Each structure stands twice: as C-alpha cells, then as structure tokens.
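Note sheet for the following structure.
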Amino acid sequence: MPSATESTVPGKTTSSSLLRAGAERCNRRLHYYTGLFLLFFMWLFALSGLILNHPTWNFAESWKNRREVDEEREMAAPGPGVKGDLAQAREIMRQLGITGEILWTTTRANPDLFEFQVRRPGHFYFIKADFARKRVTLRKDDVNLWGVIKVLHTFDGVQMDDDRNTRDWGLTSLWVFSMDVVAVGLIVMVLSSLYMTYERRPKRLWGSFALGLGLLCCGLFCAGLRWIF
Amino acid sequence: MRARFYPLVRDLHLYLGLFISPFVLVFAVSVFFMAHKWLPKFGPETSTTRVAQALPVPAEWAGLSGRPLIEALKATLKAANVPGEVGFIRHMVAEKRMIIPVTIPGRETLVSLNLDTREATITTRERGLADALVTLHKSPGQHGPDIRMNWFYMRAWRWLADATVYLVLFISLSGVYLWYVLRSERTVGVILLLAGASSFFGLAYALSH
C-alpha cells in the first residue's frame, strides 16, 4: 500500500532523482518519527489547552475540589551564612521536606517574617516563616489529576511581566526544555508536511487550497485585525 | 473496506493538517516567547494618545459590574472608536473614572473614561506580531470566563483554538494509523513511541510526586 507521501510520478533514475527520492524518504520518516516520539506530549498540551480554555467545564474542576492541610512547625532560623531570599527559602524548604518551584508573591517588609509559595504540578504550598518565633506555618493544597494536567500546560517558572520570578528548580528547567522540544517538533512536522505536499503533485492544488484557507483565517487574527480596525 | 478507508484517512490527514498548520505554528512559536520571556520586536513599538469627548455613558453604570458593565459600555467604546476585547475594568469610584483595557492581538488600548465630563483619554500601544501570538495563545484562557470573549473576533478565535485541538487529536490518531500500516517502519516507530511515552510519563511523575 502506498504511503501518504509516496511519489506517484515515475521519475528518471538519475542521480538527482535518487537524491530527491532519498530526501523524500528522510523527510517522511522525520515527519512520523517526530510525531510518534512527541505523541503523548502533544496530547497533553492539546487536551490541557482545551480544558484551560473552558474553565466552566465542571468535570475538570480542580481548585474547588482541592484537599487542604494546614500545619505549624518549629524551624531553625537560617544562619548568617544563608543570605538572600532564595537561599533562605531553600533552607526552609529543606527543613519542611518540600521541593518545587518558588513563587514570590509578596514584598518582604519585615526581615523576621518571610512569606512565599512553592508549586509543582498537583501541589501548592503556602509558607509563612517567622524567624523571631522560629515557627513556620504551612498550607498545603493538593489538586486532582485535572489540576496536574492544567498546571503542566503552564509550568514554566516565569511570568511575562514579573522579573522577580525566575526558574529555580531543575525539574522546571527540564520541563521547559521538553516544551521547547515539542514546539520545535511541531514546527518540523509542519515544514515536513509542506515538503511532502509539494512533492505529491496530484495533491498540490487542494493542499494549497487547504493551506491557503488556514493561512487566511490565522493571518486575520495575527495581523489582519490590527489592519482592519 | 480497508482499500477505501486508508486513502480517505490519508487525504483527511493531509488536508486538515495543512489547514491547521498555521494555527499549530502560532501555538508552537509563541511557546518560546512565553517560556523564555522573550518578545522579539520586528518593528518599533508605538504609542499614541488622543482624547474623545461627548461620549455616551450608560445611565445605569453605577449598579453594573462584570459582563453587564462591558455590554453597557460597548456604545461608549464604539463612539470612541475603540474596537476590541474588553478586559478587567477598574472603577475608581472617588475619581468617578473607569479604566477600560481593550485588546486586539498585538495592540493594547487603555481608555480612561471620566464619568462626569464624559471625556476619555485613549492611549493605544502597538505591540507587534510576537505580542499578538502570545495574546492568541493565551486566549481565552482560564481566568475571567464571565467577562472574556466579549468581542466577536475573539469568540471566533476560541472556536478556532478549540477546532485546532480537535483536529490535532484527529491528525495524531490518523497519523498513528497511517504509520502502523507501513510494516517496514513499525519497529523504529514503536521504539520511538515507547521512548516518548517513557520520557513523558517519567517527567510528569517526577514533577508531580
């Protein structure tokens, strides 16, 4: 059975046509091997994107169904060698046995009071440390699988308009790297599909029509609306 | 049966894939902008300010909030010639002023409306293509479902964003089928599929446990 991209036009067996056939075969393999490797990542980002775009879908509700645990513990105040908010937060997290991405939400007014959040997919930690009393209060919120899926979509450790929050957990960097790989993989798949369509002459006309329609619709939103209004 | 099914799936995979490919590129390229806080500027970012006077202000504005307020302010924004998606409105009661953010992908407009004088200062910032892609990637998003998608074009974008997801799911499933039919490619394909699955589930497990 012919493949989706198999050439239907017999060509001369010259070196250039052999080269072309080789490039076509490599391109075809690149297309479906990339797709197969990234399949689960694509499904996650597609499904989670859909859920994030429909926050009123009750079946995927996670925050209202969260499990909340509050506790207060003793802690050892970070020593003088532990300088800076990040180092102090890490020291408190070590004492609490927590790992994750630190999120700064408040400005520190009192040096003895230290408030920050730690996040990882499925878990939200709200930490308030009092160095003078040597006590730390911890609120831990656990969300369901839908919550994990939603957080994975957006878990990059940075915020567009906030320079204070930067990636500070190795696994966040690894996850962002995987996001980059998925994005590059999708771009490669799109480009390889364009090459495949070009190589299949009988499909060019309708292929160009489908692509043109997509470009027109998408272009309207990317640049056209600004031009019209 | 299979002789008809295969070419049908193959053609649908090809044509639907080509149709959504620009949308896939929008979502893929904007990932770099958001995950790395990097917004390349392809042209100068411009900002203009103008004043609009004698604007119609809804009589019942004091008792309104959320979506009804946005709907009531549409005539005001139309008279001020500010089209777009209205965001979270800030109502400064003491100053009798409303700050109305209005967005078109790649353009941000801030309307500062004086409810007493019915005069508005309108500041428009052209932020460019990269910002437009980020706005589209995030729309409609998970926040403010009651007020979001109040402009026809952004509602249309939501339909297209949803359609992109459904088509990506169809294209990935049909792609798996088209690959599976090719016996000679199965071994390498299965290895890559398993490698991808173990990378994905391994990472997801490590992040969430």
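Here is the naming used below: chain letters follow the sequence lines, and residue numbers restart at 1 for every chain. Remember, it's a predicted structure, so these values are computed and weren't measured experimentally.
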For each of [options], tally heavy-atom pairs with chain A at distances under 4.5 Å, and name the one with the top tally.
options: His36(B), Arg158(B), Lys138(B), Arg148(B); value: His36(B)
options: Ile20(B), Val26(B), Leu194(B), Val188(B); value: Val188(B)
options: Val168(B), Leu16(B), Asp11(B); value: Asp11(B)
options: Asp162(B), Ile191(B), Val24(B); value: Asp162(B)
options: Ala161(B), Gly141(B), Gly17(B); value: Gly141(B)

Using non-hydrogen atoms and a 4.5 Å limit, figure out which bit of [X] sits close to chain A: side chain, backbone, both or neither.
X: Leu39(B); value: side chain
X: Trp179(B); value: side chain
X: Pro83(B); value: side chain
X: Ser199(B); value: both
X: Leu160(B); value: side chain
X: Asn81(B); value: neither
X: Leu207(B); value: both
X: Leu133(B); value: side chain
X: His137(B); value: side chain
X: Phe27(B); value: neither

Checklist entry - At a heavy-atom separation under 4.5 Å, does Asp142(A) approach chain B through its side chain, its backbone, both, or neither? => result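 Looking at Asp142(A), nothing touches chain B.
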Where [X] and [Y] come nearest, the two heavy atoms and their spacing:
X: Pro22(B); Y: Gly214(A); answer: CG-C, 3.6 Å
X: Val165(B); Y: Leu50(A); answer: CG1-CB, 3.9 Å
X: Ala35(B); Y: Asp156(A); answer: CA-OD2, 3.6 Å
X: Leu36(A); Y: Leu193(B); answer: O-CD1, 3.4 Å

- Item | CG on Asn165(A) to NZ on Lys37(B), rounded to 0.5 Å |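 Output value for this atom pair is 8.0 Å.
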Parallel under 30°, tilted from 30 to 60°, perpendicular over 60°: which one fits the rings of His13(B) and His31(A)?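 The rings of His13(B) and His31(A) stand perpendicular, inter-plane angle above 60°.
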Heavy-atom side-chain contact between Leu173(B) and Trp43(A) under 4.5 Å =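 Yes - at least one pair of side-chain heavy atoms lies under 4.5 Å apart.
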**OP:** For chain B, find which of Val148(A), Val190(A), Val184(A) contributes the most heavy-atom pairs closer than 4.5 angstrom.
**Re:**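 Highest number of pairs under 4.5 Å: Val190(A).
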Quick check: under 4.5 Å, non-hydrogen atoms only, which of residues 85-93 of chain A neighbour chain B?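 Residues of residues 85-93 of chain A touching chain B at under 4.5 Å: none.
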